[in-house]
Amino acid sequence: MTNVAKKKTKVVVGRTIIWLSIAILYLPLLVILVFSFTTSNTMTWSGFSTQLFSNVFTHPEISSALTNTLIIALASAALATLIGTLASVGIFYLKKPLKQIVNAGSQITILNADIVTAIAFMLLFISISNIGIPLPDGYPTLIIAHTVFTIPFVILAVNPKLRRLNPNLYEAGLDLGAGHMRTMWTVIFPQLLTGMITGFAIAFTLSLEDFIVSQYNKGSIETISTLIYSSISRGLDPTFRALSSIVFVTVLVAMLVFNAVSSQRAKLSERLRRALHSVK
């Protein structure tokens with residue numbers, strides 16, 4: 001076999017593996033999407049209908065769980081993005097030995113099993129209640145828990161952007177008369193914006209789909225994942241198919257838009273760099 005034939009074979013095999021991987025990942029989601037347009041209780045086609053999508057917003061339990069999930073995901077993602085970005089900047093400016101220790105420690109919740117994190121938060125909230133500090137269950141506990149376990153993902157998203165910055169940029173802002181917070185908001189944060197958006201998207205998605213941490217710390221409220229789990233024993237409502245399709249399509253469209261905007265920004269930055277280089 002010639003070298004050209006070997007290269008063609010590698011390309012064909014590589015593309016085949018890629019398309020098979022995509023099919024394995026997305027085929028179950030496409031099945032749910034298709035059967036969201038039929039009202040059958042089982043996975044059988046009983047005629048085209050959009051009734052399930054209407055039921056998502058009229059079903060009291062599902063609409064309440066969806067509202068709870070979105071509030072918790074948005075609040076925890078916003079807090080995780082702010083805290084994670086500040087933490088990432090702080091880690092970046094530490095001395096090397098301490099920087100490595102703190103950076104490794106910040107990733108513990110990623111390496112931990114979800115069940116360990118869930119039980120740890122549950123015991124923490126019980127201990128806080130036992131010493132007489134009032135901590136309402138539901139929103140506060142879930143927002144705190146989701147914020148903490150998503151912060152490391154924000155740090156991972158922001159770190160690559162920090163490495164590309166001039167390490168003297170922060171000191172330069174201070175030397176020019178800006179205070180610490182103004183330097184962060186007007187000099188550092190704009191340079192990290194794409195990393196912050198990526199971190200927010202990851203934190204929001206992780207909070208949206210979380211089950212184990214939510215199940216152990218939800219208190220009196222239900223999220224989408226915990227409601228689906230509690231509904232399995234009494235028969236899963238077909239409306240969940242439509243809800244899953246809405247979440248899937250929304251996340252997919254958001255990621256496509258984000259990637260398109262990031263690509264355009266990268267092309268614009270490259271054109272600007274080339275223009276400045278040609279002027280020099």
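From a predicted model like this one, the values you see are computed outputs, not experimental measurements.
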> Report whether I202 and L256 are members of the same hydrophobic cluster (ILVMFWY, side-chain heavy atoms less than 4.5 Å apart, transitive linking).
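No, separate clusters.
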> Would you please say whether a donor-acceptor pair under 3.5 Å links the side chains of T223 and K218?
no
> Should T50 and F37 count as side-chain neighbours, where that means a heavy-atom distance under 4.5 Å?
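When only atoms from C-beta onward are counted, F37 and T50 do touch, with a gap below 4.5 Å.
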> Any non-hydrogen side-chain atom of L29 less than 4.5 Å from a side-chain atom of L33?
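SC-SC contact between L29 and L33 ruled out.
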> Less than 4.5 Å apart, any side-chain heavy atom of L162 and any of L192?
yes
> What residues form a ring pair (Phe, Tyr, Trp, His ring centres under 6.0 Å) with F153, not counting sequence neighbours?
none
> When you look at OH of Y216, are more than 12 heavy atoms from neighbouring residues, nucleotides or ligands closer to it than 6.0 Å?
no
> If you measure from CD1 on I62 to OG on S231, what distance do you get to the nearest 0.5 Å?
7.5 Å
> If you define the side chain from C-beta out and look only at heavy atoms, does anything of V154 sit under 4.5 Å from S88?
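A side-chain contact under 4.5 Å is absent here.
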> Please answer whether the main-chain N or O of Q215 pairs with a side-chain N or O of T226 as donor and acceptor at a distance below 3.5 Å.
no
> Nearest 0.5 Å, what's the OG1-CZ distance between T67 and F57?
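Going from OG1 on T67 over to CZ on F57, the span is 9.5 Å.
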> Is there a path of hydrophobic side-chain contacts, each under 4.5 Å between heavy atoms of I, L, V, M, F, W or Y residues, that connects V89 with I91?
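Different clusters: V89 never reaches I91 through Ile, Leu, Val, Met, Phe, Trp or Tyr contacts under 4.5 Å.
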> Are side-chain heavy atoms of L70 and F204 found at a separation under 4.5 Å?
yes
> Would you call the rings of F149 and H146 parallel, tilted or perpendicular, where under 30° means parallel and over 60° means perpendicular?
perpendicular
> Using the rule that Ile, Leu, Val, Met, Phe, Trp and Tyr join whenever any side-chain heavy atoms are under 4.5 Å apart, tell me whether I83 and I197 fall into a single cluster.
no
> If I compare all heavy atoms of S214 with all of L142, which pair ends up nearest, and what's the gap?
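Smallest interatomic distance, heavy atoms only, reads CA-CD2, 3.6 Å.
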> Among pairs that include at least one residue of residues 11-30, which meet side-chain hydrogen bond (donor to acceptor under 3.5 Å, both in side chains), considering only residues two or more places apart or in two chains?
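Listed once each, the pairs would be none.
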> Return the CG to CD1 distance between N112 and I119, rounded to the nearest 0.5 Å.
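If we round to the nearest 0.5 Å, N112:CG and I119:CD1 are 11.0 Å apart.
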> Which value, rounded to the nearest 0.5 Å, describes the distance between I72 atom CD1 and Y139 atom OH?
6.0 Å
> What is the minimum heavy-atom distance between I151 and G84, and which atoms define it?
CG2-CA, 4.0 Å
> Decide if atom OH of Y229 counts as having more than 12 heavy atoms of other residues, nucleotides or ligands within a radius under 6.0 Å.
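Atom OH in Y229 is not packed in, count stays at 12 or less.
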> Which residues pass the side-chain contact (heavy atoms from CB on, under 4.5 Å) test with L156, not counting sequence neighbours?
Q107, I110
> Find out if a path of hydrophobic residues (ILVMFWY) with successive side-chain heavy-atom gaps under 4.5 Å connects I224 to I246.
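Yes, it is one cluster - the side chains of I224 and I246 are joined through contacts under 4.5 Å.
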> Rounded to the nearest 0.5 Å, how far does CD1 of I128 lie from CG of L123?
11.0 Å
> Does one hydrophobic cluster hold both V116 and F121, with members joined at side-chain heavy-atom distances below 4.5 Å?
no
> Evaluate the side-chain proximity of T38 to R241: yes if any heavy-atom separation is below 4.5 Å, no if none is.
yes
> So L227 and F240, do their side chains get closer than 4.5 Å, heavy atoms only?
yes
> If every non-hydrogen atom of A203 is compared with every non-hydrogen atom of A80, which pair is closest and at what distance?
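Distance-wise, the nearest heavy atoms are CB-CB, 4.4 Å.
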> Measure across P28 and A23 and return the closest heavy-atom pair with its distance rounded to 0.1 Å.
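Minimum heavy-atom contact is CD-O, 4.4 Å.
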> Taking the side chain as C-beta and beyond, is there a heavy-atom pair between S245 and I32 under 4.5 Å?
yes
> Over all heavy atoms of both residues, which pair between E222 and N68 is shortest? Give the atoms and the distance, please.
O-ND2, 3.0 Å
> So, taking the atom named CD1 in I126 and the one named CG in N217, what distance separates them when rounded to the nearest 0.5 Å?
8.5 Å
> Restricting to non-hydrogen atoms, name the atom on A73 and the atom on S76 that form the minimum distance, rounded to 0.1 Å.
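Closest pair (atom of A73, atom of S76, distance): O-OG, 3.3 Å.
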